[in-house]
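Naming: A, B, ... by sequence-line order, numbering from 1 per chain. Small disclaimer: the values here were computed from a predicted structure and weren't measured.
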Amino acid sequence: MTWLWLKESQKADEYLREIQELGQLTQAVQQCIEAAGHEHQPDMQKSLLRVGLEGRAGQGWELSLLLSGSSQAASFGKCFLDRFPPDSFVCMCQDLRVLNAVRDYHIGIPLTYSQYKQLTIQVLLDRLVLRRLYPLAIQICEYLRLPEVQGVSRILAHWACYKVQQKDVSDEDVARAINQKLGDTPGVSYSDIAARAYGCGRTELAIKLLEYEPRSGEQVPLLLKMKRSKLALSKAIESGDTDLVFTVLLHLKNELNRGDFFMTLRNQPMALSLYRQFCKHQELETLKDLYNQDDNHQELGSFHIRASYATEERIEGRVAALQTAADAFYKAKNEFAAKATEDQMRLLRLQRRLEDELGGQFLDLSLHDTVTTLILGGHNKRAEQLARDFRIPDKRLWWLKLTALADLEDWEELEKFSKSKKSPIGYLPFVEICMKQHNKYEAKKYASRVGPEQKVKALLLVGDVAQAADVAIEHRNEAELSLVLSHCTGATDGATADKIQRARAQAQKK
Amino acid sequence: MAFPHRPDAPELPDFSMLKRLARDQLIYLLEQLPGKKDLFIEADLMSPLDRIANVSILKQHEVDKLYKVENKPALSSSEQLCFLVRPRIKNMRYIANLVNADKLAGRTRKYKVIFSPQKFYACEMVLEEEGIYGDVSCDEWAFSLLPLDVDLLSMELPEFFRDYFLEGDQRWINTVAQALHLLSTLYGSFPNCYGIGRCAKMSYELWRKLEEEEDGETKGRRPEIGHIFLLDRDMDFVTALCSQVVYEGLVDDTFRIKCGSVDFGPEVTSSDKSLKVLLNAEDKVFNEIRNEHFSNVFGFLSQKARNLQAQYDRRRGMDIKQMKNFVSQELKGLKQEHRLLSLHIGACESIMKKKTKQDFQELIKTEHALLEGFNIRESTSYIEEHIDRQVSPIESLRLMCLLSITENGLIPKDYRSLKTQYLQSYGPEHLLTFSNLRRAGLLTEQAPGDTLTAVESKVSKLVTDKAAGKITDAFSSLAKRSNFRAISKKLNLIPRVDGEYDLKVPRDMAYVFSGAYVPLSCRIIEQVLERRSWQGLDEVVRLLNCSEFAFTDMTKDDRASSESLRLILVVFLGGCTFSEISALRFLGREKGYRFIFLTTAVTNSARLMEAMSEVKA
């Protein structure tokens, strides 16, 4: 029938109508389209397709478009069949176009339609890639609108991998050529290409290619493989991924000797602090070596201080650790820390002696607490000796004694102490501390000795509102007056309150 | 008075989704180890875990017994052990000891380690070194954002502060970036980004990278939150070091709020046991006083008590039907309110008692003097006395740091003498504490001729770029000058007040510090939001010695609704205080914004100081 129709025979129409009446037109069209697929001659394919097309809704232009490889334009025919689904027709046209292209004698892959379908387009593309027919492969991908990652990118990557094997082209040119073609096509992994380059022994090229890799995480493993650990380290740091940095560090640690490893770290503060953190928990000795290497005496000193109470147990060991620390601090020109450390050595020895002689717990108390403990134990002489030896400032000593004696509730001794000389901290603290121990009687003794500035406060503390009011009035101090007034409670201090109000009124008159 | 929100205040996004996500993921991980198992939980993870999945949920997924990870041998008899830990080397050793002990005893069990929020290579390394890498399976529970309240997300990583700002360890930055990425996936990406500080910048860049790698998914979403503001804690230590006087801050300072709840002791509950109380917007009484200056709280509470009484009293003269109604509907609510009210009154009393004992007024006076920069000598001797009397090691340290930062370092004589005094009072190991504080720039010595030159500031700017990372170590000691006084003047942080500052009707954010000081961090945020950029703040940025950045994505900005553009996510890297939160809530009400807070952890002065302190083990 086809032939008849093609020859513009009148009979064609008749046959056609017959088929249509039988309701087999759809099937017939489908068969024509399939037949075209199995045909090898483009002319024949076209004819068959044209018939198929006739059966469709007269969109003959598609044919010319789809088979645009040939010069013949398709003729237009009448529409015999409505709503024939176009998909199979379009697909066939595309498949044929691909098949015709690879069957070309330049390419020479004479595939049949069935073979092609069996093979799938992916495999066909792989074969083209294997034959290094990259441009054709890419054209096919673009023509079939394959997603970039499966299509064009993949082929470009293959191309690049081939490109890096061209030994006669310089690293520079290859890298540039690849970058020009690839740009930042999604799905292309520069690190894969670089790995290939490295596989061909072109390390320099690989490094150049890695420069184009946007993800630092991808660069690092290859760089490590290529033994470019230092470069890998800086790339890892750039990525901001501390795990990556750590991976490189451990690699470096095994690869380099200790000295070189430390030197590398020295130039990378971020890596250094990461490694230090690790050492602090896992390899204390390494940490010490690190500081030694850097001549970081300050940290070294701190390290030994920590050791003096964390790792060493015997007193001799602790003192020795402190001595090392002090030496380090001197080297670091940190005299303050060195002196403080030496003081601590003295204190430790002394505390040991105290424990031996007096019993009880002294080790590891602070200086302040040591003296307090002595006073509480009734060893006043020793306490004073210690205070002198360590040049405890007067103020501190007074606070300390005051608190300790009040804790002992040794009021007699406290009074003696308060009279030993003029208090460097004033007498208000005496009042306060007595009141804290609920000893109003003792408190009153000291209230009278409080200096004028704090007198009101002291009197209020011992509850002598009336006298406080007198003093405040005498001082003509507004703030003090308000303070006293706020302490006046109800009936008992009614008279005092009145007195203050009067004084205020008077002051205002003036 | 309790601040009502403005009627036009934007709605907050629903953050409970984060909880559901975390719970589902945890359940999935637990199911990966089918059958009965014992769960070992790190102490720090217990409270956060409790907010996500309670014991009954765990039991549903065949968790048999719960143990705390601590330095004691475990007595578990289960055939399957699951460890839920932070990625710390210490924990790895604990697990290794346990597994190796089993090996010695010829016992085989299944072990699974779940790292939260992520695992670190160093941890796996330790497992390998200890020879048990093959015996355990490792997993990650990417639980990094815990919604503590409707507007507060916490990463619950208090160690972030010490790790980054003291040790220079950047490993948590990745976690921050992941958290931000999660937020932008769930709530749309942020059209406007601002930030200040090195850490902020690194987090931002890493986050951007994550977004780029995974682009496409988030693009279509309408942004729900219009702005994001990242800032480093070290740009403003002053605010964090001040005593808090806003109720929530004061409760935190006094009782320590942990993971959104507080343990009120017997002195508060006026019974013989402690009570764990959840503090958030759901507590109606607390919600009304949390942002108030403490001096208003008592008055408010007693007013509230009177109202409550009146409501109770209504039942007199009711007929039966009304009474039935009252009992079935209102009584429960009233009782609940009554309970809360008495708790908070108890808390207030307890705070008052503690504060008067410590002469709080005197302390606050000293702090204000330091902030304003007058009577430095007097303040110094106050601090000295504070140390001599052994009032509190942490408090003394805090005051010393506050003095140092506000004064651009201590003068050499004071630096030595205060340190000596401190060592005498609290023990020699604090020599290390001082070395830490110096490194972090919290307690330093004035060097002669110590002014920040343009060159220095340029150097520190360079340092923020990757290439110049090499000088960071040198930089950390070199450029940590606070310039607080100059900044304070520039930004007008000390408000001039004629007469008394009315704390009942605050005019500015200074109310959170009794009207004496506007929190620096909050002021910066205010200024940048007003300008929608850093323009005109160059001088401040230079003085702050941090690098700033801003980024506006116009395409997203156009798509954002006007409502979402008034929502601001503030990210505090290294922790934020409740005072800062209150101040920004206040600012929000004034300007019609709503702030959402994301912090690595809620902090306060004591926590900061403890993070820097060396303690004998």
| field | Pairs satisfying salt bridge (charged side-chain N to carboxylate O under 4.0 Å, His left out), at least one member in residues 165-180 of chain B, at least two apart | value | A:Lys280-B:Glu167, B:Arg162-B:Glu167, B:Asp163-B:Arg171, B:Asp169-B:Arg171
| query | Between B:Tyr121 and A:Val245, is any pair of side-chain heavy atoms under 4.5 Å apart? | reply | no
| task | State the CD-CZ distance between A:Gln298 and B:Arg439, to the nearest 0.5 angstrom. | result | 9.0 Å
| If you measure from CD1 on B:Ile89 to CD on A:Glu283, what distance do you get to the nearest 0.5 Å? | 9.0 Å
| query | Quick one: what part of B:Leu206 sits under 4.5 Å from any heavy atom of chain A, side chain, backbone, both or neither? | reply | side chain
| field | Nearest-0.5 Å distance that lies between atom CD1 in A:Ile305 and atom CG in B:Leu432 | value | 6.0 Å
| task | To the nearest 0.5 angstrom, please state how far the CD atom of B:Glu124 sits from the OG1 atom of A:Thr247. | result | 9.5 Å
| task | Could you tell me which of A:Ile425, A:Leu250, A:Asn334 has the largest number of non-hydrogen atom pairs under 4.5 Å with chain B? | result | A:Leu250
| Closest approach of B:Tyr426 and A:Ser366, non-hydrogen atoms and distance? | C-CB, 3.8 Å
| task | Go through the atoms of B:Glu129 and report whether side chain, backbone, both or neither lie under 4.5 Å from a heavy atom of chain A. | result | side chain
| note | Closest non-hydrogen atoms of A:Phe336 and B:Arg416, given as atom of the first, atom of the second and distance, are CE1-O, 3.5 Å
| field | Region of B:Lys119 that comes under 4.5 Å of a non-hydrogen atom in chain A | value | backbone
| query | Got a second to check how far B:Thr420's OG1 is from A:Ile392's CD1, nearest 0.5 Å? | reply | 12.0 Å
| query | Should A:His281 and B:Arg88 count as side-chain neighbours, where that means a heavy-atom distance under 4.5 Å? | reply | no
| Quick one: does A:Leu274's side chain get under 4.5 Å of B:Phe120's, heavy atoms only? | no
| field | CD/A:Gln437: more than 12 non-hydrogen atoms of other groups inside 6.0 Å | value | yes
| Proximal component of A:Phe329, with respect to chain B [non-hydrogen, under 4.5 Å] | side chain
| request: Check whether the side chains of A:Arg396 and B:Ser425 place a donor and an acceptor atom closer than 3.5 Å, and report yes or no. | output: yes
| query | Does the side chain of B:Gln390 come under 3.5 Å of the side chain of A:Asp369 through a donor N or O and an acceptor N or O? | reply | yes
| task | Sort B:Met125 into side chain, backbone, both or neither according to what part of it lies under 4.5 angstrom from a heavy atom of chain A. | result | side chain
| So, are A:Arg306 and B:Glu614 salt-bridged, with charged N and O less than 4.0 Å apart? | yes
| Is any side-chain heavy atom of B:Trp172 closer than 4.5 Å to a side-chain heavy atom of A:Thr242? | no
